[in-house]
Amino acid sequence: MDVAITGASGFIGTELTTSLTSLGHRVVALVRRPTSSADEIQWDPAGGTIDAPSLEGFDAVVHLAGAGIGDKKWSDARKDVILSSRTQGTTLLAETLAGLTSKPDVLVSGSGIGFYGSRGDDKLTEETSAGTGFLAKVCVDWEAATAPATAAGIRTALARTSVVLDASGGTLKKQLLLFKLGLGGRFGPGTQWLSWISLTDQVRAIEYLINNQISGPVNLCAPNPVTNLEFTKALGSVLNRPTILPVPLFGPKLLFGSELVEELILASQRGVPSVLTTHGFTFNDPTLEPALARMLGK
């Protein structure tokens, strides 16, 4: 199988590329810089250009590219970058794929659990309506940008990704030092729900979407979400470190701004992977503490 991937050098894309290659598939990365090998295709989402002829004949396309959501403070300019990096790239890719003579069978396009906004204790399935807030708007517009591909008959799966956990990167790597020093603690009340998935299952789920007749929104999250307090206790337990004191929010709000903290740290999102489980997907890491122990070699 030939698979084209945007965002192939990122946290998820790197692991997905390694996994697909190990299974014997050919992976080609879409890159913004000049290409340096036959396994790269050049594109420029902001400039609206892409090497369309080189995309002819692929079996699947996985679209993961987009500016980091939690990397910087959400100024108006940064929010524009976050939104436009997703909508422009997705629109360009979807329209290009729709116009190909030999179209891919499937497009797996990134989205996020942020689609639902902060919903308290509500269980969030793929049938739950969109929420409010900046991230919800980003996800709604991001998903809508895939419409040309769907209209052209390309099976399109919208991967609503939750917090992806692995010691090699992402949220968990950022938290490890604090917890190892015994300074880890809950954020805010600790009652807010956290939807999570291991990097292993994230990659397996994307591969499952490629290989099975699934389309539309799909929650990529483990079947057992946890509260922030439960996450804190589980990580402290695996590392054998205390987690008594809550983390003051003054620092994160000063560094990243109140809006980001409210939507990324304090938002309550109790996602349920209804579509995946209905279609028979099984999780390697269904529960948090054993998953953390495996990731951290404990």
Side-chain angles (χ1 to χ4, degrees), residues 9-16 18-19 68-73 112-114 118 121 124 135 161-206 219-257 260-273 276 282-298:
S9 62
F11 176 48
I12 298 170
T14 298
E15 190 70 15
L16 178 62
T18 299
S19 177
I69 289 175
D71 298 347
K72 300 178 182 179
K73 189 174 183 178
I113 208 80
S118 185
D121 292 331
L124 309 175
L135 289 183
T161 298
S162 57
V163 176
V164 181
L165 298 178
D166 193 78
S168 66
T171 298
L172 182 58
K173 184 178 181 181
K174 293 176 182 178
Q175 291 180 304
L176 279 178
L177 179 59
L178 196 66
F179 274 79
K180 286 179 179 179
L181 293 173
L183 300 175
R186 61 174 171 81
F187 284 103
T191 55
Q192 65 271 29
W193 286 92
L194 172 71
S195 295
W196 65 277
I197 187 169
S198 70
L199 179 59
T200 298
D201 279 337
Q202 173 76 10
V203 167
R204 292 179 59 249
I206 291 173
N219 288 346
L220 268 57
C221 55
N224 297 292
V226 294
T227 64
N228 176 263
L229 179 58
E230 289 170 339
F231 175 87
T232 299
K233 288 182 175 180
L235 184 53
S237 175
V238 169
L239 294 173
N240 195 27
R241 293 292 186 273
T243 55
I244 300 172
L245 299 176
V247 176
L249 293 175
F250 173 80
K253 287 186 175 181
L254 183 64
L255 186 60
F256 295 109
L260 183 152
V261 171
E262 290 292 334
E263 293 207 27
L264 284 185
I265 297 177
L266 298 180
S268 185
Q269 295 165 337
R270 191 180 184 183
V272 180
L276 282 176
T282 57
F283 288 82
N284 281 355
D285 297 306
T287 53
L288 181 64
E289 189 162 336
L292 290 173
R294 178 190 63 77
M295 294 173 201
L296 299 174
K298 301 295 184 178

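Here the structure is a predicted model, which is why all the values come from computation and not from measurement.
- Of the possible donor and acceptor atoms, one in the side chain of Asn224 sits under 3.5 Å from a partner among the backbone N and O of Pro286.
- The CG atom of Asp285 sits 10.0 Å away from atom CG of Leu199, with the distance rounded to the nearest 0.5 Å.
- Checking side-chain atoms of Thr14 against main-chain N and O of Ser9 turns up a donor-acceptor pair under 3.5 Å.
- Going from atom CD1 of Ile197 over to atom CD of Gln202 covers 5.0 Å, rounded to the nearest 0.5 Å.
- Smallest separation of non-hydrogen atoms from Ser268 and Trp193: OG-N, 2.9 Å.
- From Glu263, atom CD reaches atom CZ of Phe256 across 15.0 Å, with rounding to the nearest 0.5 Å.
- Put simply, OG1 on Thr171 and CZ on Phe231 are 7.5 Å apart, with the number rounded to the nearest 0.5 Å.
- Panel note: side chain Ser162, backbone Leu220; a donor-acceptor pair is recorded below 3.5 Å.
- Side-chain polar atoms of Ser118 and Gln269 form no donor-acceptor pair below 3.5 angstrom.
- Residues Phe283 and Pro223 have side chains in contact (heavy-atom distance under 4.5 Å, counting atoms from C-beta outward).
- Under 4.0 Å is where a charged nitrogen must lie from a carboxylate oxygen, and between Arg270 and Asp121 no such pair does.
- Counting only heavy atoms from C-beta outward, the side chains of Leu16 and Ile206 approach each other to under 4.5 Å.
- The backbone N or O of Phe187 sits less than 3.5 Å from a side-chain atom of Gln192, completing a donor-acceptor pair.
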Candidate pair Thr227 and Leu194, rule side-chain contact (heavy atoms from CB on, under 4.5 Å), full reasoning: CA-CA 6 Å; Thr227 64; Leu194 172 71; over 6 Å; no
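- Judged purely by atom type and a 3.5 angstrom limit, Thr232 uses its side chain to pair as donor or acceptor with the backbone of Asn228.
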Would you list the atom pairs, donor with acceptor, under 3.5 Å between side chains in residues 237-255 and any protein atom, with sequence neighbours excluded?
residue, atom, partner, partner atom, Å
Ser237, OG, Glu289, OE2, 3.0
Arg241, NE, Lys180, O, 2.8
Arg241, NH1, Leu239, O, 3.3

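- For the pair Asp201 (side chain) and Asn284 (backbone), a donor-acceptor distance under 3.5 Å is present.
- Interatomic distance, CG of Leu235 versus CG of Leu288, reported as 8.0 Å (0.5 Å rounding).
- When atom types are taken as modelled, the side chain of Asn219 and the backbone of Leu124 share a donor-acceptor pair closer than 3.5 angstrom.
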Using the side-chain contact (heavy atoms from CB on, under 4.5 Å) rule, take Arg294 and Thr200 through it: C-alpha gap first, then chi angles, then the decisive distance, then the call. CA-CA 11 Å; Arg294 178 190 63 77; Thr200 298; 3.5 Å; yes
Between Ile69 and Leu264, does a side-chain contact (heavy atoms from CB on, under 4.5 Å) hold up when you go through it step by step? CA-CA 9 Å; Ile69 289 175; Leu264 284 185; 3.9 Å; yes
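- To the nearest 0.5 angstrom, Leu165 atom CG is 5.0 Å from Met295 atom CE.
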Go through the steps to decide whether Leu177 and Leu183 satisfy the test side-chain contact (heavy atoms from CB on, under 4.5 Å), and finish with yes or no. CA-CA 9 Å; Leu177 179 59; Leu183 300 175; over 6 Å; no
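- Nearest approach of Gly70 to Leu260, heavy atoms of both residues: CA-CD1, 4.2 Å.
- Two residues are said to be in side-chain contact when any heavy atoms from C-beta on lie closer than 4.5 Å; Thr18 and Val203 fail this criterion.
- Side-chain N or O atoms of Ser195 include one that pairs as donor or acceptor with a backbone N or O of Gly271 at under 3.5 Å.
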